[in-house]
Amino acid sequence: MRIDGQQPVQRKYDVNKAYQQPSVKPPSFAKDELYISNEAKVLHENAQLNIREKKLLDIKKRIDAGEYQIDAQAIAKKISQFYSN
């Protein structure tokens, strides 16, 4: 028996292999993107500035009125806690 070349049975399987290959490509995933408009950035910055300005104005008014008292003991405790950790 001679075994060179493809036998008729093997050729049938070779033809079926082409049909068995899935032709579906894997899905390509889109990357998430975030876009913040310039107007939104300005509003955000203004909101933060307004909060700081309000706090500063409140402190300035209290200092001018003589109502702003600094607790030296509390500040010393905070400083010692910061440097001890």
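In what follows, every heavy atom counts, from backbone to side chain, and hydrogens, waters and symmetry copies are set aside. If you read the sequence from its start, that first residue is 1, and numbering goes on from there.
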Exercise. Can you tell me if CD on Gln81 sees more than 12 non-hydrogen neighbours from other groups inside 6.0 Å?
Worked result: yes
Problem set entry | Residues clustering with Leu43 (ILVMFWY side chains joined when closer than 4.5 Å, directly or via others) | none
Report, one line per pair, each donor and acceptor closer than 3.5 Å where one atom sits in a side chain of residues 57-80; sequence neighbours left out.
from, atom 1, to, atom 2, distance (Å)
Asp71, OD1, Gln73, N, 3.4
Ser80, OG, Ala76, O, 3.3
Ser80, OG, Lys77, O, 2.9

Seminar exercise, completed: By side-chain contact (heavy atoms from CB on, under 4.5 Å), Leu56 pairs with (sequence neighbours left out) none
